[in-house]
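Labels below follow one simple rule: chain letters A, B, ... track the order of the sequence lines, proteins then strands, and each chain is numbered from 1.
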Protein chains: 2
Amino acid sequence: MSAPIRIGIAGYGNLGRGVEAAIAKNADMELVGIYTRRNPSDLVPLNAGAPVFSMDDLGGHGDHVDVLILCGGSKSDLPQQGPELAALFNTVDSFDTHARIPEHFAAVDAPALANKKTALISAGWDPGMFSINRVYGEALLPDGETYTFWGRGLSQGHSDAIRRVAGVSGGVQYTIPSEAAIEEVRSGSRPVLTTRQKHTRECFVVLANGASEDAVRAEIVGMEHYFDQYDTTVNFITADELARDHAAMPHGGFVIRSGNTTDEHAQVIEYSLALESNPEFTSSVLVAYARAVHRMSQAGQFGAKTVFDVAPGLLSPKSAAELRAELL
Amino acid sequence: MSAPIRIGIAGYGNLGRGVEAAIAKNADMELVGIYTRRNPSDLVPLNAGAPVFSMDDLGGHGDHVDVLILCGGSKSDLPQQGPELAALFNTVDSFDTHARIPEHFAAVDAPALANKKTALISAGWDPGMFSINRVYGEALLPDGETYTFWGRGLSQGHSDAIRRVAGVSGGVQYTIPSEAAIEEVRSGSRPVLTTRQKHTRECFVVLANGASEDAVRAEIVGMEHYFDQYDTTVNFITADELARDHAAMPHGGFVIRSGNTTDEHAQVIEYSLALESNPEFTSSVLVAYARAVHRMSQAGQFGAKTVFDVAPGLLSPKSAAELRAELL
């Protein structure tokens, strides 16, 4: 067996912790550094032996790390770190602001190419595995429609939105796909579905002292863009119930392609995820793509890449010959 | 738009007909020839204008065809045609004898490399899309188990087997996955399932004159390897019922990866197909991979390839920039 792939983690929140856990599941990888903006001695990794450094040390660690996994947020961390660090390291990130992906790709591509680095952006499950299945679906059934359903799962963005409402002291939001809509899509009938028909939203809210249930409910269900196009249920609970019953971060969903190969024959392709931990699964995807990035870098394939550019076999620790014999 | 990709079809059974239908669904492709061992004037293509040639003309048509799709059978056609034609054309085949894939790969690789051709073997859905999902599943959840279920669908091999039984004048066999077993796998519990627990088999048989139902049933359900490890139901029907109710070729199935990212969190990935026409879907996969083969050939990536070697984006008629903007 060749030397292990040396992985670094830049940023240690839920995602960074998930990456640490995922590296431990991959025998061909080694965690060589967790990089944090906090004081390194304050950080408690899952494995007490994991080496922790300051983010400021990254500049001198280019030769010690084969692939650096960027575990910051898409809003402010990754737009800055992505281009900066792609000049120094092979990188993987989970940039998930769909509308700004072309811009992020270009910003990362230039420094990566100039410094002969491979930088894979927007890995995870959406963007990521769901995107791959949208591409496969369109290519295999060009005469068809693609449907994406999310959930049942906790939406971070919508949970943040309800916590900003006056009179709310805490809360979470679950996105729930409509079983009836999914069944209709699975039938091959290619229905036209409105936003309201595809998903409902369920909120669990802790009221601030003296706040009114009716006022808070009205503000949430009418919130533009986040809730007004959905049927939304608001449940009021105690702070203890919130902590006890809603600390997990489940998620998942469905990408369904329904199409016809001839007028006579409908065909349906379905990909689905049922995740008990959204961040841990995303981290696991990032780690598998780190293996591919290491190989693409060794093969001289530099610049920004996406999951669409990565052949499936590159994700596996098995050789091409092993994959053909065992899994084809 | 660049010149259309010129596709040839070698062999015109169910698969070849499906390829002709699939090419018509892809605006960037053109059917330049159907090649047959029959008398070309006897062949009736779906589109009356399709050019039909003798298989013997292939030798002189190397410059007219960008990718030749081999639509023969895995038992005798492809082992011979694959290596022969990979010396003359970029090719795609659906070789599906799992145990002999490494041998077929080697046999095709040498002539393809020697003649700077790209030859993709074993495309379709199993081997093919199911295989890809087995690789993704293992790579994303290394601590886990992969489960494949087939059906509900008509199995050609098992239908052939029952038609060879003395006293049978016709019949078909359907493979039926166990809903209970699938639900158990979806739960994330990683059950150990026996062959008998995963699938049942259902036969519809037309008896020959004077044959005994009991004798035929006993012979079928006890048939080694094909039926003895399964719970098998045998229904006797008339020749008219067989023709009326069992002429379609539906199939499909499920690849499910169940794994843990940590001891606390199970994660389940599921890929499934519900196909009204097995051969038409397989053909549609072959055609999408023909696009990828054309591009890999243009990029100088010669030799034998499998679906594991093909980045998802290569299957799409859209550019990498379009895919990033629209589908990531």
Side-chain angles (χ1 to χ4, degrees), chain A residues 18 21-22 25-27 98 101-102 105 122 127 129 131-136 138-143 186 188 252 261-262 264-277 280-281 283-285 288 291 306-313 315-318 320-321 323-325 327-328, chain B residues 18 21-22 25-27 98 101-102 105 122 127 129 131-136 138-143 186 188 252 261-262 264-277 280-281 283-285 288 291 306-313 315-318 320-321 323-325 327-328:
Chain A
K25 300 274 190 194
N26 287 279
H98 291 263
I101 284 174
F105 183 91
S122 301
M129 300 313 297
S131 322
I132 287 173
N133 279 280
R134 288 190 275 263
V135 168
Y136 277 131
E138 270 196 13
L140 302 187
L141 297 173
D143 172 10
R186 283 180 180 149
T261 43
T262 54
E264 293 74 32
H265 295 129
Q267 321 268 17
V268 178
I269 308 171
E270 178 170 337
Y271 182 81
S272 67
L273 296 172
L275 309 175
E276 287 187 359
S277 165
E280 284 181 13
F281 185 74
S283 299
S284 208
V285 177
R291 180 181 292 117
T306 76
V307 293
F308 299 151
D309 303 313
V310 179
L315 298 173
S316 172
K318 295 179 175 167
L323 291 178
R324 288 193 295 270
L327 295 179
L328 194 59
Chain B
K25 300 274 190 193
N26 285 280
H98 292 263
I101 284 174
F105 183 90
S122 301
M129 300 314 296
S131 322
I132 287 173
N133 279 280
R134 288 190 275 262
V135 168
Y136 277 130
E138 273 195 13
L140 302 187
L141 297 172
D143 172 9
R186 282 180 181 150
T261 43
T262 54
E264 293 74 33
H265 294 130
Q267 319 269 16
V268 178
I269 308 172
E270 177 171 338
Y271 181 81
S272 68
L273 297 172
L275 309 176
E276 288 187 358
S277 166
E280 284 181 13
F281 184 73
S283 299
S284 208
V285 177
R291 179 181 294 116
T306 75
V307 293
F308 300 151
D309 304 313
V310 179
L315 297 173
S316 171
K318 294 178 176 168
L323 291 178
R324 287 193 296 272
L327 295 180
L328 195 57

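In terms of heavy atoms, B/Gln267 sits closest to A/Glu276 at OE1-N, 3.2 Å. Minimum heavy-atom separation, A/Thr261 to B/Ala21: O-CB, 4.1 Å. The two residues A/Thr262 and B/Glu280 make their nearest non-hydrogen contact at OG1-OE1, 2.9 Å. Of all heavy-atom pairs spanning B/Lys25 and A/Asp143, the tightest one is NZ-OD2, 2.6 Å. When all heavy atoms are compared, the tightest approach of B/Arg134 to A/Leu327 is NE-O, 3.3 Å.
In terms of non-hydrogen atom pairs under 4.5 Å with chain A, the most contact-rich of B/Gly313, B/Ala325, B/Pro102, B/Ala266 is B/Ala266. Options B/Pro312, B/Ala139, B/Ser122 differ in how many heavy-atom pairs under 4.5 Å they form with chain A, and the most are formed by B/Pro312. Note on B/Leu273, B/Asn133, B/Asp309, B/Leu141: by heavy-atom pairs under 4.5 Å with chain A, the leading option is B/Leu273. Contact tally against chain B (heavy-atom pairs below 4.5 Å) for A/Ala321, A/Ala288, A/Ala22, A/Pro142: the top residue is A/Pro142. Among A/Gly18, A/Ala274, A/Pro127, the residue with the largest count of heavy-atom pairs under 4.5 Å with chain B is A/Ala274. In terms of heavy-atom pairs under 4.5 Å with chain A, the best-connected choice from B/Arg291, B/His98, B/Met129 is B/Met129. Ranked by heavy-atom pairs under 4.5 Å with chain A, the list B/Tyr271, B/Phe308, B/Phe105 is led by B/Phe308. Each of A/Ile132, A/Asn26, A/Thr306 has some count of heavy-atom pairs under 4.5 Å with chain B, and the biggest count is that of A/Ile132.
Take A/Ser277 and apply the side chain to side chain donor-acceptor pair (under 3.5 Å) test, not counting sequence neighbours, and it matches no residue. Under the rule for a side chain to side chain contact (heavy atoms under 4.5 Å, CB included), the partners of A/Val310 that lie at least two apart in sequence or sit in another chain are A/Leu120, A/Tyr289, A/Ala292, A/Met296, A/Leu314, A/Leu315.
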Would you please test B/Val135 and A/Leu328 for side chain to side chain contact (heavy atoms under 4.5 Å, CB included) and show each step?
CA-CA 9 Å; B/Val135 168; A/Leu328 194 59; over 6 Å; no
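Within the 4.5 angstrom heavy-atom criterion, atoms from both the backbone and the side chain of B/Leu275 approach chain A. A/Ile269 touches chain B through backbone and side chain together, each having a heavy atom under 4.5 Å away. Interface remark: B/Glu138 contributes side-chain atoms only to the contact with chain A (heavy atom separation under 4.5 Å). With a 4.5 angstrom heavy-atom cutoff, A/Tyr136 touches chain B only via side-chain atoms.
Within the 3.5 Å criterion, the main-chain N or O of A/Leu140 finds a donor-acceptor partner in the side chain of B/Ser284.
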